[in-house]
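Mind having a look at this structure? Questions to follow.
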Amino acid sequence: MTQPASDFIRQRIKQDLDSGLVEGAIVTRFPPEPNGYLHIGHAKSICLNFGVAEEFGGYTYLRFDDTNPLKESDTYVEAIQQDVAWLGFEWSDRLTNASDYFDALYARAVELIDGGKAYVCSLTGEEIRQSRGTLTEPGKESPYRGRSVEENRELFERMRAGEFADGEQVLRAKIDMASPNINMRDPVLYRIRHATHQRTGDKWVIYPMYDFTHCICDALEGITHSLCTLEFEDHRPLYDWVLDNINMNFHPPQIEFSRLGLEYTVLSKRLLSQLVTQGLVEGWDDPRMPTLAGLRRRGVTPGAIREFCRRVGVTKQDNRVEMSLLEFCIRRDLEGTVRRGMGVLNPLKVRISNYRDDGEVLEGPWHAQNPDLGRRELPFGAELYIEREDFTDAPPKKWRRLSPGALVRLRYAYIIRCDEVVRDARGEIQELVCSYIPESKSGSDTSGLKPNGVVHWVAADTAVAVEIRLYGRLFKVPDPGAATLVDDIDPASLTIRSGYVEPAIHHSDDDHFQFERLGYFFRDPERANTYNRTVSLRDSWKPG
RNA sequence: UGGGGAUUGGUGUAAUGGUAGCACGACUGACUCUGAAUCAGUUAGUAUAGGUUCAAAUCCUAUAUCCCCAGCCA
């Protein structure tokens with residue numbers, strides 16, 4: 001069923017293996033910066049990196065790209081590990097940090113200085129920006145570009161020793177201020193940051209930049225294929241330049257693919273972080289969030305996410321995948337194995353006038369098509385709740401639910417007829433008075449009656465009152481932008497209902513359920529007696 | 001308007017000079033004690049214009065559109 005993916009990256013790896021360019025194991029890495037929670041876009045990268053290593057017989061590093069102590073923290077480090085493990089991938093002992101290599105990195109920087117390939121620049125940040133040029137104009141060389149090797153070594157050592165304040169000096173690569181690629185216009189390699197690092201503490205006051213760090217870490221770890229997203233394409237020449245200008249006998253190729261785009265949400269740590277910080281959602285694990293923590297809390301399974309990533313594929317094309325594909329993957333993963341029971345989201349009381357309540361307990365399978373899941377007891381009663389939407393005074397054509405005078409089957413129970421609609425002073429429907437057909441009991445129906453349809457229900461005296469949370473799209477538009485983020489939020493994305501579930505659901509050890517006819521629900525791990533709707537069932541009913 | 005990328009049904013992708021295929025979606029119908037699932041079917045595409053070739057989504061030349069880059073972020 002699940003065919004092995006074959007995208008341009010896997011084809012390339014296969015080719016590298018066949019040609020002997022790469023000998024032995026394929027080594028990849030997933031290198032998040034611990035400055036936020038992982039989202040489903042990261043899942044694509046995780047599935048790719050861990051996936052190819054698995055397929056081609058290799059391994060994958062989980063490497064924290066922790067070169068900026070101002071933005072990073074241990075809480076993210078832990079959350080990221082939890083998410084990757086939850087997705088089902090193992091890094092075993094290959095968990096590394098860019099900061100593990102700070103000493104090696106420093107030595108490499110000195111190597112560059114010694115080779116006349118890097119210099120300490122004393123320009124201010126503003127001056128550097130001014131002299132960088134623009135997209136169409138070349139930059140101007142720094143007046144400090146010609147410093148001697150000795151002077152650079154001394155200055156760099158003093159930077160490391162903490163003799164300068166933040167921003168006073170930087171180490172820059174000496175490349176080409178006229179390069180059409182702005183990344184090559186003497187990029188900053190090291191900056192001064194008097195900040196405590198979550199791992200190295202106060203040992204360092206200078207921290208290496210991404211472009212200098214990443215390629216060297218890749219090489220040191222023997223990464224055979226360094227996979228990253230498209231926005232780093234322009235950085236590849238710099239990645240290569242660094243490795244070409246130090247004495248390194250290993251040079252991974254950087255291969256870029258497009259990031260995942262998903263309708264009606266945002267997939268950028270910056271924007272997601274903003275939603276959390278501004279209190280627009282309840283947290284990183286708000287079930288409306290596309291974060292792995294949010295998806296998990298909503299009830300989305302790792303298998304569904306992996307299948308989604310597989311189906312989305314890996315290319316260099318910009319994309320915005322429809323939510324329906326994710327929903328399909330979720331339903332498919334839950335379909336065969338999750339228990340099915342009854343829950344009522346919007347209760348309407350039904351009184352069965354001719355039923356004598358004697359504690360009758362009915363029974364039904366947990367899954368009509370999967371008997372392995374067993375059966376559960378279903379207490380009946382003279383007072384029930386059905387879904388308010390399952391009754392109407394004015395049934396449209398092909399209405400298969402309840403209406404005055406109509407027959408409907410209560411799932412796994414009896415056929416009932418609606419005899420009377422009781423309303424309050426305002427005309428709101430208060431309750432339905434129905435009669436049941438005693439000989440129509442599910443499994444031994446001798447009534448010969450053909451009801452309109454089947455409706456779910458719970459018995460009023462045994463049902464468990466629960467809170468049910470329904471989630472819609474977080475945004476009103478398919479492509480919410482950074483500029484209009486707040487306005488684009490759909491205030492109706494969360495609906496809280498006071499409903500009921502049958503007792504067997506309440507007492508089950510499972511936490512995933514299908515509420516028949518309504519969708520898949522997940523018991524909230526934090527909030528007691530609360531069920532999150534993971535995804536609704538497909539609904540092809542069109543009135544009219 | 002400098003540089004780097006990308007354009008195949010509504011959406012995501014496959015086809016690597018030789019039958020434009022798959023999936024999601026949408027739409028029909030069958031079945032149904034879930035308007036689900038399942039089953040059967042329908043739908044719609046190579047950005048544009050030239051060229052090379054027996055043959056072009058694929059190669060060439062223009063054009064158009066979209067994305068990324070001017071952090072001491074990653």
Side-chain angles (χ1 to χ4, degrees), chain A residues 3 5-8 11 31-33 35 65-68 70-72 98 121 123-125 128-129 132-139 166-172 179-185 187-193 206-207 209-211 213-214 228-237 256 258-261 263 269-270 308 311-329 331-332 335-336 340 342 364 368-369 398-401 408-413 415 440 442-443 445 451 453-456 514-519 536-542:
Chain A
Q3 288 135 15
S6 180
D7 46 70
F8 78 101
Q11 286 173 21
E33 183 187 15
N35 67 341
D65 219 334
D66 56 350
T67 56
N68 187 353
L70 263 27
K71 291 190 169 184
E72 299 150 6
C121 181
L123 254 22
T124 65
I128 288 179
R129 195 169 63 76
R132 186 153 28 227
T134 68
L135 293 178
T136 51
E137 298 161 294
D166 288 8
E168 241 180 282
Q169 314 283 353
V170 288
L171 183 73
R172 290 230 255 171
S179 172
N181 181 346
I182 293 177
N183 294 307
M184 301 298 271
R185 319 240 261 231
V188 171
L189 267 21
Y190 265 91
R191 78 290 217 188
I192 299 171
R193 284 252 208 283
I206 57 172
Y207 291 94
M209 298 286 288
Y210 165 86
D211 285 302
T213 307
H214 207 89
C228 65
T229 43
L230 241 33
E231 66 269 26
F232 291 102
E233 253 171 337
D234 288 343
H235 293 246
R236 192 182 341 126
E256 309 87 6
S258 58
R259 346 169 33 117
L260 175 68
E263 269 187 351
K269 263 194 231 169
R270 202 186 101 245
F308 173 75
R311 284 169 178 264
V312 159
V314 180
T315 67
K316 290 173 93 87
Q317 281 153 247
D318 292 335
N319 60 82
R320 187 174 296 277
V321 178
E322 289 177 342
M323 213 45 111
S324 62
L325 182 64
L326 213 210
E327 293 173 349
F328 168 80
C329 294
R331 293 189 190 108
R332 205 177 87 124
E335 162 73 32
R340 300 171 176 190
M342 294 191 278
Q369 287 104 264
K398 293 187 181 173
W399 178 250
R400 291 173 57 182
R401 306 174 182 182
V408 113
R409 173 173 297 280
L410 297 173
R411 176 79 156 157
Y412 298 133
I415 295 175
S440 69
S442 184
D445 184 353
V454 183
V455 137
H456 61 274
Q514 183 193 104
F515 294 0
E516 296 205 32
R517 309 208 299 134
L518 297 177
S536 65
L537 258 27
R538 272 188 70 212
D539 184 10
S540 58
W541 158 246
K542 294 164 298 297

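Lettering follows sequence order; numbering is per chain, from 1.
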Practice task
Could you give the distance separating B:U11 and B:C67 at their P atoms, to the nearest angstrom?
Solution key: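 Per the computed distance, 16 Å lies between those P atoms.
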Exercise for the section: Applying ring-ring contact (aromatic ring centres under 6.0 Å, His included), name anything that partners A:Tyr412, two or more places apart in sequence or on another chain. Expected result: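 None.
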Exercise for the section: Determine the interatomic distance between C1' on B:U52 and the same-named atom on B:C24; round to the nearest Å. Expected result: 38 Å
Problem - Of the listed nucleotides B:C24, B:C33, B:G35, the one nearest the side chain of A:Ser540 - result: B:G35
Practice task
Ignoring backbone atoms, establish whether A:Arg401 has a side-chain N or O less than 4.0 Å from OP1 or OP2 of B:G35.
Solution key: no
Exercise for the section: Using only heavy-atom distances, decide whether a donor-acceptor pair under 3.5 angstrom links the side-chain of A:Ser324 to the base of B:C24. Expected result: no
What N/O pairs connect the protein and nucleotides 37-41 of chain B at under 3.5 Å? Give each pair on its own line.
from, atom 1, to, atom 2, distance (Å)
B:A37, OP1, A:Arg538, NH1, 3.2
B:A37, OP2, A:Arg538, NH1, 3.4
B:A37, O2', A:Glu335, OE2, 2.9

Exercise for the section: Report yes if at least one side-chain N or O of A:Gln317 is closer than 4.0 Å to OP1 or OP2 of B:A47; otherwise report no. Expected result: no
Problem - Sequence-aligned protein contact record of nucleotides 64-74 of chain B, with B where the base is within under 4.0 Å of a protein heavy atom and S where only the sugar-phosphate is - result: ---SBBBSBBB
Practice task
Output all residues satisfying salt bridge (charged side-chain N to carboxylate O under 4.0 Å, His left out) with A:Glu231, sequence neighbours left out; order by chain, then residue number.
Solution key: A:Arg259
Handout entry: Any A:Arg517 side-chain heavy atom under 4.5 Å of A:Arg401 side chain
Key =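 In short, these two side chains touch, coming nearer than 4.5 Å.
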Handout entry: Bracket string, RNA chain B, 5' to 3' - pairs by Watson-Crick or G-U geometry under 3.5 Å, | interstrand
Key = .((((((..((((....[..))))((((((.......))))))...(((((..]....))))))))))).....
Exercise for the section: Indicate whether OP1 or OP2 belonging to B:U1 is found under 4.0 Å from a side-chain N or O atom of A:Thr136. Expected result: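 A:Thr136 to B:U1 OP1/OP2: no side-chain N or O under 4.0 Å.
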Problem - Partner set under side chain to side chain contact (heavy atoms under 4.5 Å, CB included) for A:Asp166, not counting sequence neighbours - result: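 Listed in chain order: A:Ile192, A:His194.
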Problem - Where the chi angle of B:G71 falls, syn if within 90° of 0 and anti if not - result: syn
